[in-house]
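Below: one structure, written as structure tokens.
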Amino acid sequence: MLGLLINEKEVKEIEYLIKRELDEILFDLRDERIDQIVKRAMEERYKVLFSLFKRIASPNECLKYMWKGKKGRKKG
């Protein structure tokens, strides 16, 4: 286990960076042109980033970036 001391400004910057990455991944996961192998790698990256995001973001912010997975995907 590692510890990290960061100030409020750094927390906001990390939150912003993670949000951008989560937005990109969630957008790309809906793209049917992307191969399933690539999507699996993206899902793994999403899980890691979202677990980091949960540590610094409010519950309301976390709800915005929750992914429903394969069951929640809609066609069209």
Side-chain angles (χ1 to χ4, degrees):
M1 177 166 295
L2 297 174
L4 179 67
L5 276 172
I6 54 177
N7 62 34
E8 191 63 33
K9 185 177 180 181
E10 293 166 331
V11 169
K12 293 296 180 190
E13 184 65 26
I14 292 170
E15 186 176 345
Y16 171 76
L17 292 171
I18 294 173
K19 280 181 178 181
R20 273 188 27 195
E21 286 297 313
L22 290 174
D23 280 335
E24 288 285 325
I25 292 171
L26 290 172
F27 179 78
D28 288 343
L29 285 172
R30 287 182 259 143
D31 191 342
E32 294 178 9
R33 298 172 295 172
I34 296 176
D35 189 53
Q36 282 305 113
I37 296 169
V38 176
K39 283 188 178 183
R40 250 184 268 131
M42 291 166 56
E43 289 170 8
E44 289 302 314
R45 181 170 169 85
Y46 170 86
K47 289 175 188 175
V48 171
L49 288 171
F50 190 71
S51 78
L52 287 171
F53 186 63
K54 288 189 300 187
R55 295 172 189 224
I56 59 171
S58 69
N60 285 339
E61 282 294 310
C62 290
L63 285 174
K64 295 177 187 176
Y65 292 92
M66 286 185 75
W67 176 54
K68 294 173 180 48
K70 293 174 184 160
K71 296 176 185 173
R73 289 186 190 159
K74 293 182 180 177
K75 295 262 180 173

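Worth knowing before you read on, the calculation uses all heavy atoms, side chains too, and leaves out hydrogens, waters and symmetry mates.
- Smallest separation of non-hydrogen atoms from Leu26 and Tyr65: CD1-O, 3.9 Å.
- To the nearest 0.5 angstrom, Leu52 atom CG is 11.5 Å from Leu17 atom CG.
- Judged as a ring-ring contact (aromatic ring centres under 6.0 Å, His included), and not counting sequence neighbours, the contacts of Phe50 are Tyr46.
- Within a 6.0 Å sphere centred on CG of Leu63, other residues, nucleotides and ligands contribute more than 12 heavy atoms.
- Screening residues 47-58 for salt bridge (Lys or Arg N to Asp or Glu O under 4.0 Å), with sequence neighbours left out, gives Glu44-Lys47.
- Taking the salt bridge (Lys or Arg N to Asp or Glu O under 4.0 Å) definition, one finds that Glu61 meets it with Lys19, Lys64, sequence neighbours left out.
- The two residues Leu49 and Ile18 make their nearest non-hydrogen contact at O-CG2, 3.7 Å.
- Residues forming a salt bridge (Lys or Arg N to Asp or Glu O under 4.0 Å) with Asp31 (at least two apart in sequence, or on another chain): Arg33.
- Listed by first and then second residue, the ring-ring contact (aromatic ring centres under 6.0 Å, His included) pairs involving residues 9-30 amount to none (not counting sequence neighbours).
- When every heavy atom of Leu29 is checked against every heavy atom of Met42, the shortest pair comes out as N-CE, 3.8 Å.
- To the nearest 0.5 angstrom, Arg40 atom CZ is 8.5 Å from Asp35 atom CG.
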Solution key, residues 3-12 side-chain donor-acceptor pairs under 3.5 Å, sequence neighbours excluded:
from  : atom 1 : to    : atom 2 : distance (Å)
Asn7  : OD1    : Lys9  : N      : 3.1
Asn7  : OD1    : Glu10 : N      : 2.8
Glu10 : OE1    : Asn7  : N      : 2.8

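- Residues passing the salt bridge (Lys or Arg N to Asp or Glu O under 4.0 Å) test with Arg20: none are found, sequence neighbours excluded.
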